[in-house]
Every structure is written in C-alpha cells, then in structure tokens.
Amino acid sequence: MTMPVILRTVAELRGHVRAWKAAGQTVGVVPTMGALHEGHLSLARRARAECGRVITTIFVNPKQFNNPEDLKKYPRTEEADAALLATVPVDVIFAPSPEEVYPEGYSTNVTVAGVSEPLEGKMRPGHFDGVATVVTKLFGMTMADRGYFGQKDWQQLQVVQKLVLDLNLPVQVVGCETIREADGLAMSSRNIRLGEAARQQAPVLYAAITAAADDIRAGQSDRMAIREAAEKMRAAGFERVEYIELRDAGTLLPSDDPTRPRRMLAAAWLDGVRLIDNIPV
Ligand code: PAF
C-alpha cells in the first residue's frame with residue numbers, strides 16, 4: 001500500500017496542484033481536523049470517485065475552539081490517519097503547522113452573518129468565524145474544484161455553502177450523508193471519550209429526535225414532540241440537553257412551515273462529552 005504524500009507548506013501543495021490542473025485534472029478537498037473515522041473516510045471515498053485528484057487536509061484549527069482545554073485535548077493521530085487515508089487512497093495529505101496557516105501578523109477574519117448565529121453559534125461564540133476563516137483559506141491554499149463536508153455538522157455545511165456563494169469562490173460544496181454506527185449513533189471523533197455505559201446510552205439522541213420527527217410528521221405539535229425527545233434523553237442519562245430545535249434547513253431560522261425543507265438539530269451532554277446530531281423533518 002502506498003502512503004499518501006504528506007505536505008506541510010502551501011508552496012509545496014501549490015506545486016502539486018498546479019501540475020494536476022495543467023494536466024486537466026479536477027481536484028477534490030476533504031477538510032478535517034484528523035482523528036479520522038469511517039465518516040471522514042466516506043467523504044474521501046466520495047471525493048476519490050468524483051475527482052481526478054484528492055487532498056485531505058489535517059489541521060486542528062485553533063481559531064474554531066472557544067475552549068482552550070478542548071483544543072489541548074483534541075486527539076492528534078497523524079500516523080494512524082495517514083494509514084487510513086492510504087486505504088482510500090488519497091493523493092496528498094496537507095497537514096500544515098499553525099504558523100503556516102496563521103503566520104505572524106495574520107489579521108483577516110471571515111464572518112458569515114445570519115446562518116452562523118443561532119444554535120452552535122450561540123453555544124460556541126466565535127466557533128463559526130474560525131471555521132469560515134479556515135475553510136476559506138483551505139479553499140485558497142488547495143485551489144480545489146470541490147469540497148466535501150459531512151451533514152453531521154449541518155450548520156457548518158450551511159455556513160460553508162453561504163460563504164462560497166457570497167465570496168464567489170470557484171468551489172462546488174458537496175454535502176454527504178451522516179455515517180452512523182449500527183445502533184444509530186452518528187460517527188464523531190468525540191465518541192471514543194464516552195465511557196462504556198454512556199456509549200450504550202448515546203444512540204438515544206438519534207432515536208429521540210427520529211421519534212420526534214415522526215410524531216411531527218404524524219401531526220403532533222412541534223413543542224410537545226421536542227419536549228418528549230428531551231425527556232427521553234434525560235431519562236437515558238444525558239446530563240444536559242442544550243437544544244433540540246426544528247429549523248428551516250437552509251436559513252436555520254425557526255420554522256413552522258412544513259411545506260419547506262426543515263431540519264431537527266440537537267446538542268446534548270453525556271458523560272462529559274458534547275454530542276450533536278440532526279435529521280430532515
Ligand atoms: O468539520 C471539521 O472537522 C472542521 O470544522 C473543518 C471543516 C475541518 C474546519 O476546521
């Protein structure tokens with residue numbers, strides 16, 4: 001198995017991408033923060049199927065962490081990640097240092113007003129500015145034609161789509177289905193932090209919002225269905241339900257219009273781990 005080339009600087013990366021583009025190849029990028037799991041690999045495989053060349057970026061972006069402890073604790077597993085990416089295979093891993101991405105004197109910030117403000121934006125101030133800034137930079141650095149993102153981070157996907165539209169970036173954003181464990185738990189790099197008992201209870205998040213969405217479709221009031229979902233989660237041992245919300249799928253504004261695509265989004269704490277999930281309604 002050939003290991004993908006690991007590049008650390010924008011100059012090296014650009015050298016590769018320029019040669020690929022001169023040969024008429026399309027370039028796909030899968031932005032990640034490492035600690036890769038099957039969800040990331042499914043994005044990379046989709047990019048592999050749709051693009052001539054595939055770059056996976058691994059960069060734990062300090063700007064999107066509003067909690068310094070969380071940044072410190074974030075798993076860094078580059079060797080294992082490279083071995084997994086070799087199975088896809090991707091062509092290049094771009095794993096720059098924080099100084100390469102944010103050199104001395106760096107001063108630009110990308111803010112996507114509106115869609116980045118509620119839900120995760122409210123709970124994690126500054127988070128989406130960090131995401132929007134680094135994704136804009138990664139698109140610029142990789143000069144990719146297509147960018148692959150998971151629907152698990154639904155609000156992030158909307159933020160990225162909006163910035164690409166507003167800034168006329170020549171990238172097609174591809175949103176990919178959430179990959180789940182057999183019991184329904186959405187795959188996430190945080191799941192390994194759950195203790196054994198909590199891991200058994202974690203799928204209740206997905207089960208509860210799925211039941212609420214079914215009840216709403218069957219005519220139950222939004223509020224009642226959401227209250228029942230939160231009660232199920234608390235009964236299963238979730239310490240705190242931060243939000244369960246029914247929103248317009250695109251704007252993420254509150255929506256009681258069932259004729260428009262809607263999304264139920266949730267965030268909750270279990271065993272000291274913050275889990276998020278979302279589904280169409
Ligand atoms: O979803 C993630 O892992 C990150 O938010 C991203 C898109 C790689 C930006 O750092």
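Residue numbers count from 1 along this sequence. For clarity, every value in this text was computed on a predicted model and none was experimentally measured.
By the side chain to side chain donor-acceptor pair (under 3.5 Å) test, Arg240 pairs with no residue at all, sequence neighbours left out. Under the rule for a side chain to side chain donor-acceptor pair (under 3.5 Å), the partners of Glu78 that lie at least two apart in sequence or sit in another chain are Arg8.
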> Is there a side-chain contact (heavy atoms from CB on, under 4.5 Å) between Phe149 and Val174 once you walk through the steps?
Replying inline: CA-CA 6 Å; Phe149 296 83; Val174 184; over 6 Å; no
>> If you apply the rule side-chain contact (heavy atoms from CB on, under 4.5 Å), what do you find for Tyr148 with Ser42, and how did you get there?
In response: CA-CA 10 Å; Tyr148 292 80; Ser42 75; over 6 Å; no
> Run the side-chain contact (heavy atoms from CB on, under 4.5 Å) check on Val54 and Val88 step by step: do they pass?
Replying inline: CA-CA 10 Å; Val54 179; Val88 175; over 6 Å; no
>> Set out, in order, the CA-CA distance, both residues' side-chain angles and the distance that settles side-chain contact (heavy atoms from CB on, under 4.5 Å) for Met187 and Lys152, then state yes or no.
In response: CA-CA 8 Å; Met187 289 202 185; Lys152 153 102 187 329; over 6 Å; no
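Under 4.0 Å is where a charged nitrogen must lie from a carboxylate oxygen, and between Asp256 and Arg223 no such pair does. With respect to Asp214 and Arg217, a salt bridge is recorded, a charged nitrogen being found less than 4.0 Å from a carboxylate O. Arg227 and Asp222 are not joined by a salt bridge, as no carboxylate oxygen comes within less than 4.0 angstrom of a charged side-chain nitrogen. Ion pairing of Glu120 with Arg274 is present here, as a side-chain N (NZ or NE/NH1/NH2) and a carboxylate O approach within less than 4.0 Å. Taking 4.0 Å as the cut-off between side-chain N and carboxylate O, Arg146 and Glu50 count as a salt-bridged pair. In summary, Asp91 and Arg48 engage in a salt bridge, as defined by a charged side-chain N under 4.0 Å from a carboxylate O.
Gln220 CD: more than 12 foreign heavy atoms inside a 6.0 Å radius. Within a 6.0 Å radius of CE in Met224, no more than 12 heavy atoms belonging to other residues, nucleotides or ligands are found.
Of the N and O atoms on the side chains of Glu69 and Tyr74, not one donor lies less than 3.5 Å from an acceptor on the other residue. In this structure, a donor-acceptor pair under 3.5 Å is absent between the side chains of Asp145 and Thr26. Judged by distance alone, the side chains of Thr9 and Glu12 do bring a donor and an acceptor atom under 3.5 Å apart. Side-chain contact annotation: Asp257 with Ser255, donor-acceptor N/O pair under 3.5 Å absent.
Of all heavy-atom pairs between Pro125 and Asn66, the closest is O-CB, 3.4 Å. The shortest heavy-atom contact between Ala44 and Val30 is CA-CG2, 3.8 Å. Heavy-atom minimum distance, Gly147 versus Val171: N-CG1, 3.7 Å. Between Asp271 and Arg193, the shortest heavy-atom distance links the atoms OD2-O, 4.2 Å. Minimum heavy-atom separation, Gly34 to Ser189: O-OG, 4.1 Å. Here the shortest heavy-atom pairing between Val112 and Lys162 reads CG1-CG, 3.7 Å.
Val204 and Tyr243 are not part of a single hydrophobic cluster, where members link through side-chain heavy atoms under 4.5 Å apart. Put simply, Val164 and Trp154 are part of the same group of oily side chains (I, L, V, M, F, W, Y) that touch within less than 4.5 Å, one to the next. In terms of hydrophobic clustering, with Ile, Leu, Val, Met, Phe, Trp and Tyr side chains grouped at heavy-atom distances under 4.5 Å, Leu7 and Met141 are assigned to a common cluster. Taken together through direct or relayed side-chain contacts under 4.5 Å among Ile, Leu, Val, Met, Phe, Trp and Tyr, Leu138 and Leu165 form parts of separate hydrophobic clusters. Connection of Phe238 to Trp269 is not established within any shared hydrophobic cluster, with ILVMFWY side chains joined at heavy-atom distances below 4.5 Å, either directly or through further cluster members.
When side chains are defined from C-beta on, Val160 counts as touching Phe139, because their heavy atoms get closer than 4.5 Å. Side-chain contact between Val90 and Ile55 is absent, with no heavy atoms from C-beta onward closer than 4.5 Å. Residues Gln158 and Arg247 fail the side-chain proximity criterion, which asks for heavy atoms closer than 4.5 Å. The shortest distance between side-chain heavy atoms of Tyr106 and Val101 does not fall below 4.5 Å. Under the 4.5 Å side-chain criterion, counting only non-hydrogen atoms from C-beta, Phe59 is not in contact with Thr32. Counting heavy atoms from C-beta outward, Cys176 and Leu43 have side chains that approach closer than 4.5 Å. A 4.5 Å side-chain heavy-atom check between Met143 and Lys21 finds at least one atom pair inside the cut-off. In this structure, the side chains of Leu163 and Leu169 come closer than 4.5 Å at one or more pairs of heavy atoms.
Asn109 contributes atom CG, which lies 4.0 Å from atom OG1 of Thr133 (distance to the nearest 0.5 angstrom). To the nearest 0.5 Å, atom CD of residue Gln151 and atom CD1 of residue Ile279 are 12.0 Å apart. Taken from CD in Gln64 to CG in Asp70, the straight-line distance is 10.0 Å, to the nearest 0.5 Å. A distance of 7.0 Å separates CG in Leu194 from CG in Leu185, rounded to the nearest 0.5 Å. Summarising the geometry, atom OG1 belonging to Thr56 is positioned 9.5 Å from atom CG belonging to Asp81; distances are rounded to the nearest 0.5 Å. Residue Gln201 holds its CD atom at 10.5 Å from CG of Asp183, rounded to the nearest 0.5 Å.
The backbone N or O of Leu119 lies less than 3.5 Å from no partner atom in the side chain of Glu245, so there is not a single donor-acceptor pair. A donor-acceptor distance shorter than 3.5 angstrom exists from the side chain of Ser97 to the backbone of Glu100, with no hydrogens or angles considered. Under a 3.5 Å cut-off, the side chain of Ser116 and the backbone N or O of Ala113 do not form any donor-acceptor pair. Although no hydrogens or angles enter the test, the distance criterion places a donor-acceptor pair under 3.5 Å between the side chain of His40 and the main chain of His37. In terms of modelled atom types and a separation under 3.5 Å, the side chain of Tyr102 and the main chain of Glu104 share no donor-acceptor contact. Asp277 places no side-chain N or O within donor-acceptor distance of the main-chain N or O of Leu265, the cut-off being under 3.5 Å. In this structure a side-chain-to-backbone donor-acceptor pair under 3.5 Å is present from Asn191 to Ala186. Side-chain atoms of Asn278 do not come within 3.5 Å of backbone N or O of Asp153 as any donor-acceptor pair.
In this structure, Arg180 satisfies the cation-pi test against Tyr206, with its NZ or CZ atom closer than 6.0 Å to the six-membered ring centre and inside 45 degrees of the ring normal.
With respect to Asp248, the side-chain hydrogen bond (donor to acceptor under 3.5 Å, both in side chains) criterion is satisfied by exactly one of Arg260, Arg263, Arg262: Arg260. When the options Ile58, Thr57, Val131 are evaluated for a side-chain contact (heavy atoms from CB on, under 4.5 Å) with Pro31, the one that passes is Thr57.
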